[in-house]
Q: 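Structure incoming, see below.
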Amino acid sequence: MKLTERMQKFCKDSLVIKTSRVFPSDTNNHNTLFGGRLMTYIDDTASISASRHCRTGIVTASTDSVDFLQPIKNDHSVCLESYVASTGRSSMEIFVKVIAENLKNGDRYLAATSFLTFVAIDDNGKTVEVPTVVAQSDEEKMISRDAQERSLARKKRLAQSRELAAALSTEIPWG
(Lines give C-alpha, C1' and ligand atoms only; values in the text may rest on other atoms or scores of the structure.)
Protein backbone atom coordinates (compact mmCIF):
# COMPACT_ATOMS: atom_id res chain seq x y z
CA MET A 1 0.00 0.00 0.00
CA LYS A 2 1.43 3.38 -0.96
CA LEU A 3 1.55 6.17 1.60
CA THR A 4 -1.02 8.15 -0.39
CA GLU A 5 -3.42 5.20 -0.22
CA ARG A 6 -3.32 4.81 3.55
CA MET A 7 -6.58 4.91 5.40
CA GLN A 8 -7.39 8.00 7.47
CA LYS A 9 -8.97 8.11 10.90
CA PHE A 10 -9.92 10.99 13.15
CA CYS A 11 -8.32 11.69 16.53
CA LYS A 12 -11.71 11.13 18.17
CA ASP A 13 -11.80 7.56 16.80
CA SER A 14 -9.03 6.63 19.23
CA LEU A 15 -10.36 8.62 22.20
CA VAL A 16 -10.15 6.83 25.55
CA ILE A 17 -11.52 8.27 28.78
CA LYS A 18 -10.64 6.66 32.10
CA THR A 19 -11.84 8.05 35.43
CA SER A 20 -10.79 6.77 38.83
CA ARG A 21 -11.18 7.88 42.42
CA VAL A 22 -7.97 8.49 44.36
CA PHE A 23 -7.97 6.37 47.53
CA PRO A 24 -5.49 6.51 50.43
CA SER A 25 -3.74 3.39 49.07
CA ASP A 26 -3.00 5.36 45.87
CA THR A 27 -1.25 8.20 47.64
CA ASN A 28 2.21 9.04 48.92
CA ASN A 29 3.29 10.65 52.20
CA HIS A 30 2.06 14.04 50.87
CA ASN A 31 -1.47 12.62 50.55
CA THR A 32 -1.32 12.97 46.74
CA LEU A 33 -1.48 10.39 43.97
CA PHE A 34 1.77 8.47 43.44
CA GLY A 35 3.45 9.65 40.23
CA GLY A 36 4.12 6.03 39.27
CA ARG A 37 0.45 5.16 39.65
CA LEU A 38 -0.48 8.03 37.34
CA MET A 39 2.17 6.91 34.85
CA THR A 40 0.59 3.44 34.83
CA TYR A 41 -2.82 4.98 34.09
CA ILE A 42 -1.24 7.07 31.32
CA ASP A 43 0.42 4.08 29.63
CA ASP A 44 -2.77 2.04 29.95
CA THR A 45 -5.04 4.62 28.32
CA ALA A 46 -2.47 5.50 25.65
CA SER A 47 -2.09 1.83 24.71
CA ILE A 48 -5.84 1.50 24.19
CA SER A 49 -5.86 4.62 21.98
CA ALA A 50 -3.03 3.16 19.90
CA SER A 51 -4.83 -0.17 19.55
CA ARG A 52 -8.08 1.51 18.56
CA HIS A 53 -6.26 3.46 15.89
CA CYS A 54 -4.40 0.62 14.18
CA ARG A 55 -6.32 -2.50 15.28
CA THR A 56 -3.14 -4.57 15.39
CA GLY A 57 -0.47 -5.41 17.92
CA ILE A 58 1.33 -2.46 19.50
CA VAL A 59 4.36 -1.83 21.67
CA THR A 60 5.32 1.23 23.68
CA ALA A 61 8.32 2.79 21.95
CA SER A 62 8.78 5.68 24.36
CA THR A 63 7.23 7.81 27.01
CA ASP A 64 8.28 11.09 25.50
CA SER A 65 7.11 13.31 28.34
CA VAL A 66 5.06 13.33 31.48
CA ASP A 67 4.60 16.77 32.94
CA PHE A 68 3.13 16.81 36.42
CA LEU A 69 1.46 20.22 36.64
CA GLN A 70 -0.54 19.99 39.88
CA PRO A 71 -0.82 17.31 42.56
CA ILE A 72 -3.91 15.11 42.65
CA LYS A 73 -5.21 14.80 46.19
CA ASN A 74 -6.72 11.91 48.07
CA ASP A 75 -10.49 11.66 47.55
CA HIS A 76 -10.33 13.58 44.27
CA SER A 77 -11.00 11.88 40.95
CA VAL A 78 -8.50 11.62 38.13
CA CYS A 79 -9.75 11.57 34.53
CA LEU A 80 -7.42 10.72 31.66
CA GLU A 81 -8.28 11.52 28.05
CA SER A 82 -6.02 10.04 25.39
CA TYR A 83 -6.02 9.94 21.61
CA VAL A 84 -3.68 9.51 18.64
CA ALA A 85 -2.36 12.99 17.84
CA SER A 86 -0.06 12.14 14.92
CA THR A 87 1.30 9.19 13.00
CA GLY A 88 4.38 8.13 11.11
CA ARG A 89 4.58 5.07 8.88
CA SER A 90 4.20 2.58 11.74
CA SER A 91 4.36 4.85 14.77
CA MET A 92 1.66 6.74 16.63
CA GLU A 93 2.11 9.67 18.98
CA ILE A 94 -0.50 9.58 21.72
CA PHE A 95 -1.48 12.65 23.73
CA VAL A 96 -2.80 12.17 27.25
CA LYS A 97 -4.51 14.93 29.23
CA VAL A 98 -5.01 14.37 32.96
CA ILE A 99 -7.81 16.29 34.67
CA ALA A 100 -8.37 16.06 38.41
CA GLU A 101 -11.60 16.92 40.16
CA ASN A 102 -12.36 17.82 43.75
CA LEU A 103 -15.43 15.66 44.22
CA LYS A 104 -16.74 17.78 47.11
CA ASN A 105 -16.95 21.09 45.26
CA GLY A 106 -16.66 20.10 41.57
CA ASP A 107 -13.51 22.14 40.88
CA ARG A 108 -11.57 20.63 37.97
CA TYR A 109 -7.94 21.33 37.09
CA LEU A 110 -5.33 20.16 34.62
CA ALA A 111 -3.00 17.93 36.62
CA ALA A 112 -0.67 16.53 33.94
CA THR A 113 0.00 16.11 30.23
CA SER A 114 1.90 13.38 28.47
CA PHE A 115 3.08 12.26 25.04
CA LEU A 116 3.92 8.63 24.29
CA THR A 117 4.92 6.83 21.12
CA PHE A 118 3.66 3.39 20.16
CA VAL A 119 4.62 1.24 17.18
CA ALA A 120 2.21 -1.07 15.36
CA ILE A 121 3.43 -4.64 14.87
CA ASP A 122 2.15 -7.84 13.30
CA ASP A 123 2.05 -11.27 14.93
CA ASN A 124 5.74 -11.77 14.07
CA GLY A 125 6.83 -8.51 15.69
CA LYS A 126 7.41 -6.73 12.36
CA THR A 127 6.27 -3.14 12.00
CA VAL A 128 3.13 -2.46 9.99
CA GLU A 129 1.72 0.73 8.51
CA VAL A 130 -0.90 2.62 10.48
CA PRO A 131 -3.70 4.86 9.24
CA THR A 132 -2.96 8.56 9.14
CA VAL A 133 -4.80 10.72 11.64
CA VAL A 134 -6.88 13.85 11.07
CA ALA A 135 -7.33 16.46 13.81
CA GLN A 136 -10.74 18.14 13.90
CA SER A 137 -11.25 20.09 17.13
CA ASP A 138 -9.25 23.21 17.97
CA GLU A 139 -7.50 21.32 20.78
CA GLU A 140 -6.59 18.38 18.51
CA LYS A 141 -5.25 20.78 15.87
CA MET A 142 -3.17 22.62 18.47
CA ILE A 143 -1.70 19.35 19.78
CA SER A 144 -1.06 17.98 16.27
CA ARG A 145 0.51 21.20 14.99
CA ASP A 146 3.85 20.60 16.77
CA ALA A 147 4.01 16.85 16.11
CA GLN A 148 6.84 17.09 13.56
CA GLU A 149 8.98 19.08 16.00
CA ARG A 150 8.34 16.54 18.77
CA SER A 151 9.19 13.71 16.36
CA LEU A 152 12.55 15.25 15.51
CA ALA A 153 13.32 15.80 19.20
CA ARG A 154 12.34 12.18 19.93
CA LYS A 155 14.67 10.87 17.20
CA LYS A 156 17.53 13.01 18.49
CA ARG A 157 16.95 11.82 22.07
CA LEU A 158 16.84 8.18 20.90
CA ALA A 159 20.18 8.57 19.11
CA GLN A 160 21.66 10.07 22.28
CA SER A 161 20.23 7.22 24.38
CA ARG A 162 21.74 4.63 22.03
CA GLU A 163 25.09 6.40 22.21
CA LEU A 164 24.92 6.42 26.00
CA ALA A 165 23.87 2.75 26.11
CA ALA A 166 26.85 1.77 23.96
CA ALA A 167 29.18 3.35 26.54
CA LEU A 168 27.55 1.77 29.63
CA SER A 169 28.81 -1.38 31.31
CA THR A 170 26.65 -4.41 32.00
CA GLU A 171 29.18 -5.91 34.41
CA ILE A 172 27.99 -6.87 37.87
CA PRO A 173 29.12 -3.94 40.06
CA TRP A 174 29.71 -6.01 43.19
CA GLY A 175 31.44 -8.94 41.45
Side-chain angles (χ1 to χ4, degrees), residues 14 16-100 110-131 133 143 146-175:
S14 62
V16 173
I17 300 171
K18 173 189 178 81
T19 305
S20 299
R21 180 184 287 270
V22 178
F23 290 105
S25 61
D26 300 318
T27 62
N28 57 30
N29 59 319
H30 302 290
N31 208 30
T32 60
L33 182 65
F34 278 115
R37 178 77 44 104
L38 182 58
M39 290 170 70
T40 298
Y41 292 164
I42 288 169
D43 190 53
D44 182 40
T45 57
S47 72
I48 296 169
S49 287
S51 292
R52 281 185 177 167
H53 185 77
C54 66
R55 298 296 181 188
T56 186
I58 50 114
V59 292
T60 306
S62 67
T63 300
D64 304 323
S65 67
V66 178
D67 294 312
F68 300 100
L69 305 172
Q70 292 191 53
I72 304 169
K73 297 180 180 176
N74 177 52
D75 209 28
H76 286 195
S77 69
V78 58
C79 178
L80 292 86
E81 299 176 17
S82 67
Y83 57 86
V84 174
S86 69
T87 59
R89 188 191 70 76
S90 61
S91 64
M92 297 161 281
E93 179 190 63
I94 317 299
F95 173 66
V96 183
K97 176 173 60 173
V98 180
I99 300 167
L110 189 63
T113 59
S114 183
F115 287 95
L116 300 91
T117 302
F118 286 78
V119 174
I121 57 171
D122 64 17
D123 291 339
N124 297 314
K126 303 293 183 193
T127 61
V128 295
E129 281 193 355
V130 299
V133 68
I143 296 299
D146 297 329
Q148 184 66 26
E149 185 178 316
R150 287 189 301 271
S151 177
L152 292 173
R154 184 180 312 116
K155 288 174 184 174
K156 181 179 179 182
R157 190 180 65 248
L158 179 58
Q160 291 169 335
S161 291
R162 286 185 173 147
E163 187 177 308
L164 174 64
L168 296 176
S169 169
T170 57
E171 297 296 318
I172 298 173
W174 59 87

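Residue indices begin at 1 and follow the sequence shown.
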Q: Should the heavy atoms of other residues, nucleotides or ligands under 6.0 Å from CG of Asp123 be counted, would the total exceed 12?
A: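 Atom CG in Asp123 is not packed in, count stays at 12 or less.
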Q: Taking all heavy atoms of Thr56 and all of Val128, pick out the closest pair and write down the distance.
A: CG2-CG2, 3.8 Å
Q: Could you measure the distance from the CD1 atom of Ile99 to the CD1 atom of Ile17? Nearest 0.5 Å is fine.
A: 9.0 Å
Q: Is the side chain of Asp67 donor-acceptor paired with the backbone N or O of Leu69 at a distance under 3.5 Å, no angle test?
A: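 Answer holds: no.
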Q: Working to the nearest 0.5 angstrom, can you tell me the gap between Cys54 SG and Met92 CE?
A: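 Interatomic distance, Cys54 SG to Met92 CE, rounded to 0.5 Å: 4.0 Å.
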Q: Would you check if His30 and Pro71 make a side-chain contact, meaning some heavy-atom pair closer than 4.5 Å?
A: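 Side chain of His30 against side chain of Pro71, heavy atoms only: no contact under 4.5 Å found.
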Q: Looking at OH of Tyr41 and CG of Leu80, how far apart are the two atoms once the value is rounded to the nearest 0.5 Å?
A: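 These two atoms lie 8.5 Å from each other.
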Q: Looking only at heavy atoms, what is the nearest atom pair of Ser114 and Ser65, with distance?
A: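 Minimum heavy-atom contact is OG-O, 2.6 Å.
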Q: I want to check something: taking the side chain as every heavy atom from C-beta on, are His76 and Leu33 in contact at a cut-off of under 4.5 Å?
A: no
Q: Locate the shortest heavy-atom distance separating Ser91 from Val130; write the atom from each residue and the value.
A: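 Scanning both residues, the minimum pair turns out to be O-CG2, 3.8 Å.
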Q: Say you draw a straight line from CZ of Phe95 to CZ of Arg150; how long is it, rounded to the nearest 0.5 Å?
A: 8.5 Å
Q: Testing the basics here: between Leu38 and Val78, what is the closest heavy-atom pair and its distance to 0.1 Å?
A: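 In terms of heavy atoms, the two residues are closest at CD1-CG2, 4.1 Å.
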Q: Are the side chains of Val98 and Leu110 in contact, using a 4.5 Å heavy-atom criterion?
A: no
Q: Are the side chain of Asp146 and the backbone N or O of Glu149 linked by a donor-acceptor pair below 3.5 Å?
A: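 Judged by distance alone, no pair lies under 3.5 Å.
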Q: Given 3.5 Å as the limit, does a donor-acceptor pair link the side chain of Ser82 with the main chain of Thr45, or not?
A: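 Yes.
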Q: Ser14 and Ser49: side-chain donor and acceptor closer than 3.5 Å?
A: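 No pair is found: no donor N or O on one side chain lies under 3.5 Å from an acceptor on the other.
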Q: Taking Arg21 first and then Asp75, would you say they form a salt bridge - that is, a charged N and a carboxylate O separated by under 4.0 Å?
A: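 Yes, Arg21 and Asp75 are salt-bridged.
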Q: State, yes or no, whether a side-chain contact exists between Thr113 and Val96 at a heavy-atom distance under 4.5 Å.
A: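 SC-SC contact between Thr113 and Val96 ruled out.
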Q: What pair of heavy atoms forms the shortest contact from Pro131 to Thr87, and how long is it?
A: O-CG2, 3.4 Å
Q: Side chains of Thr117 and Glu93: do they bring a donor and an acceptor to under 3.5 Å?
A: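 Short answer, no.
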Q: Does the pair Asp44 and Thr40 meet the rule for a side-chain hydrogen bond (donor to acceptor under 3.5 Å, both in side chains), with working shown?
A: CA-CA 6 Å; Asp44 182 40; Thr40 298; over 6 Å; no
Q: Are side-chain N/O atoms of Thr27 and Arg37 paired as donor and acceptor at under 3.5 Å?
A: no
Q: Would you say the side chain of Arg162 lies within less than 4.5 Å of the side chain of Leu158, judging by non-hydrogen atoms?
A: yes
Q: Evaluate the side-chain proximity of Met39 to Phe68: yes if any heavy-atom separation is below 4.5 Å, no if none is.
A: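 Side chain of Phe68 against side chain of Met39, heavy atoms only: contact under 4.5 Å found.
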Q: Quick one: does Ile94's side chain get under 4.5 Å of His53's, heavy atoms only?
A: no
Q: Report yes or no: do Asp43 and Ser47 form a side-chain donor-acceptor pair below 3.5 Å?
A: no
Q: Is the backbone of Lys126 close enough, under 3.5 Å, to the side chain of Asn124 for a donor and an acceptor to pair up by distance?
A: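 No, the answer is negative, given that no donor and acceptor are paired below the 3.5 Å cut-off.
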Q: Going from CD1 on Ile72 to CG on Asn74, what distance comes out if it is rounded to the nearest 0.5 angstrom?
A: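 The distance works out to 12.0 Å.
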Q: Between the main-chain N or O of Glu171 and the side-chain N or O of Ser169, is there a donor-acceptor pair closer than 3.5 Å?
A: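 Indeed, once roles are kept as given, a pair shorter than 3.5 Å links the two residues.
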Q: What are the two closest heavy atoms between Ser25 and Phe34, and how far apart are they?
A: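 Nearest pair, atom of Ser25 first, then Phe34: O-CE1, 4.2 Å.
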Q: Is the shortest heavy-atom distance from the side chain of Lys18 to the side chain of Cys79 under 4.5 Å?
A: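 A side-chain contact is absent here, since even the closest heavy-atom pair is not under 4.5 Å.
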Q: Could you tell me whether a side-chain N or O of Thr60 sits under 3.5 Å from a main-chain N or O of Phe118, the two making a donor and an acceptor?
A: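 Side chain of Thr60 to backbone of Phe118: no pair is present.
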